[in-house]
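Quick notes on the structure that follows.
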Amino acid sequence: MKLAARVNRIAPSPTLAMAATAKAMAAQGIDVIDFSTGEPDFDTPEPVKAAAEAAIRSGFTKYTPSSGIDELRGAIIEKLKTEQGLQYEKSQVLVSCGAKHSLYNLAEALLEAGDEIIIPTPYWVSYSDQALLNDATAVLLPTSEDDGYAIHPEALERRITARTKALIINSPCNPTGATYGRKMLEAIATIAVRHDLVVISDEIYEKVLYDGDAHVSIATLGPDIAARTVVINGVSKAYAMTGWRIGYAAGPKDLITAMGNIQSQSTSNPCSISQKAAVAALRFGEPFTKQMVAEFDRRRRVIVEGLNKIPGVSCRMPGGAFYAFPNIKGVLGKRGPTGPINNPTDLATYLLKDAHIAVVPGEPFGSPDHIRLSYATSMGTITRGIERLGTALKKLV
Ligand SMILES: *Cc1c(COP(=O)(O)O)cnc(C)c1O
């Protein structure tokens with residue numbers, strides 16, 4: 001069968017693929033240590049479950065308005081106002097089936113053949129594939145571990161052409177854990193305004209921040225940048241609700257309307273029950289999130305310290321999200337029992353087959369020097385896993 005050309009441009013999500021392999025091995029009874037999964041290991045908080053149950057019992061199980069129920073859009077507007085000081089009207093907020101779906105609707109509404117979108121690397125895997133699916137060109141902007149993956153204004157400007165339509169930023173960042181401070185965001189905002197770019201600000205890890213850091217949304221840095229920013233967020237990461245599939249976009253009315261029209265012709269509304277659950281998460285979820293992030297913080301210190309003790313491995317302390325992103329250049333070029341370890345994928349394959357440790361290699365994130373380990377897993381798994389990783393790497397010669 002002759003398929004559309006666009007399907008040949010993309011690959012299935014490699015993070016989801018690695019997580020599926022690890023789960024399949026575990027199902028066969030293999031003692032797999034899974035650092036690949038990009039979701040909180042906590043159970044969804046009780047008030048959220050109760051709201052979903054109530055929705056089912058009361059028959060709230062039919063189609064809703066395609067762009068989301070007023071109650072949830074209202075709760076999102078309230079959240080953005082009280083937490084970020086941002087002002088939106090209902091017509092500027094679209095609820096979708098996860099933040100990934102919000103981003104996809106946005107790519108479809110904004111991008112076409114000939115358009116360029118700038119993506120700082122290392123980056124979340126779906127940004128570039130979603131651009132490719134919509135015939136646009138992903139222009140990668142490399143950043144460096146040495147300066148905390150900062151975006152340098154000159155480097156950003158060098159990548160802007162007459163075709164550049166948008167820039168994606170993701171702070172805190174998956175996979176690096178880097179966060180963008182106000183000064184850097186101001187520099188980015190100035191450039192975006194000057195070059196008439198849409199800024200897509202993926203703030204899904206906004207609440208997973210450490211060391212008392214406060215989240216800054218680029219949209220708060222003045223009316224000019226607010227008018228061209230689409231804030232993307234959702235309940236998956238902050239409230240351990242990855243399976244419920246609720247994300248949202250807030251931004252310029254014409255763009256949000258277009259995204260809503262696309263959604264009305266593709267998925268229709270996000271799940272009615274999940275929308276009620278998301279209202280409860282936004283209203284009552286804060287204490288849960290605080291506890292979860294405090295536990296992530298403890299694990300973060302343990303995993304980073306453990307990784308830094310392994311010869312050939314060095315790991316920055318992530319400022320947000322729940323991923324360690326160690327540099328493994330020091331072990332590349334060595335040999336394992338089944339062949340050379342020349343890149344992160346070779347290493348991830350060796351670790352999975354030989355040591356039954358699932359990690360995600362850096363290449364799909366745009367890094368040839370790193371692997372990603374999620375610490376959204378138990379402390380016991382982390383300490384056992386790091387020990388096993390050290391032993392496995394010692395076997396390389
Ligand atoms: C998890 C994740 C998302 C999407 O989350 P949804 O479950 O689709 O809401 C978006 N961006 C980044 C960087 C993520 O890690």
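Excluded from the calculations below are hydrogen atoms, water molecules and symmetry mates; all remaining heavy atoms, backbone and side chain alike, are included. Every number for a ligand or one of its atoms is a count from 1 in the order of the listing. Because the structure is a prediction, the values reported are computed rather than measured.
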Over 60° means perpendicular and under 30° means parallel, so tell me whether F288 and F42 are parallel, tilted or perpendicular.
perpendicular
Show the atoms of ligand 1 that are less than 4.0 angstrom away from any heavy atom in G98.
8 (O), 9 (O)
Between D224 and R228, does at least one N-O distance fall below 4.0 Å, as a salt bridge requires?
no
What pair of heavy atoms forms the shortest contact from S201 to T229, and how long is it?
CB-CG2, 4.1 Å
Going by the atom numbers of ligand 1, which of them fall below 4.0 Å from some non-hydrogen atom of R245?
6 (P), 7 (O), 8 (O)
What is the closest protein heavy atom to atom 9 (O) of ligand 1, and at what distance does it sit?
A99 N, 2.6 Å
Quick check on contacts: which atoms of ligand 1 are under 4.0 angstrom from a heavy atom of S236?
6 (P), 7 (O), 9 (O)
Between E186 and K183, is there a salt bridge with N-O shorter than 4.0 Å?
no
Are any of the N or O atoms of C97 closer than 3.5 Å to those of ligand 1?
no
Looking at ligand 1, does any of its N/O atoms fall within less than 3.5 Å of an N/O of Y205?
yes
What protein heavy atom sits nearest atom 11 (N) of ligand 1, and how far off is it?
D202 OD2, 2.6 Å
Before accepting this row, confirm whether a basic side-chain N of the pair K309/E305 lies closer than 4.0 Å to the acidic partner's carboxylate O.
yes
N170 and ligand 1 - part of the residue with a heavy-atom distance under 4.0 Å
side chain
To atom 3 (C) of ligand 1, the nearest of K100, E203, K237 on a heavy-atom basis is K237
Parallel, tilted or perpendicular for F322 and F296, by the 30°/60° rule?
tilted
Using a strict 4.0 Å threshold on nitrogen-to-oxygen distance, state whether K237 and E206 make a salt bridge.
no
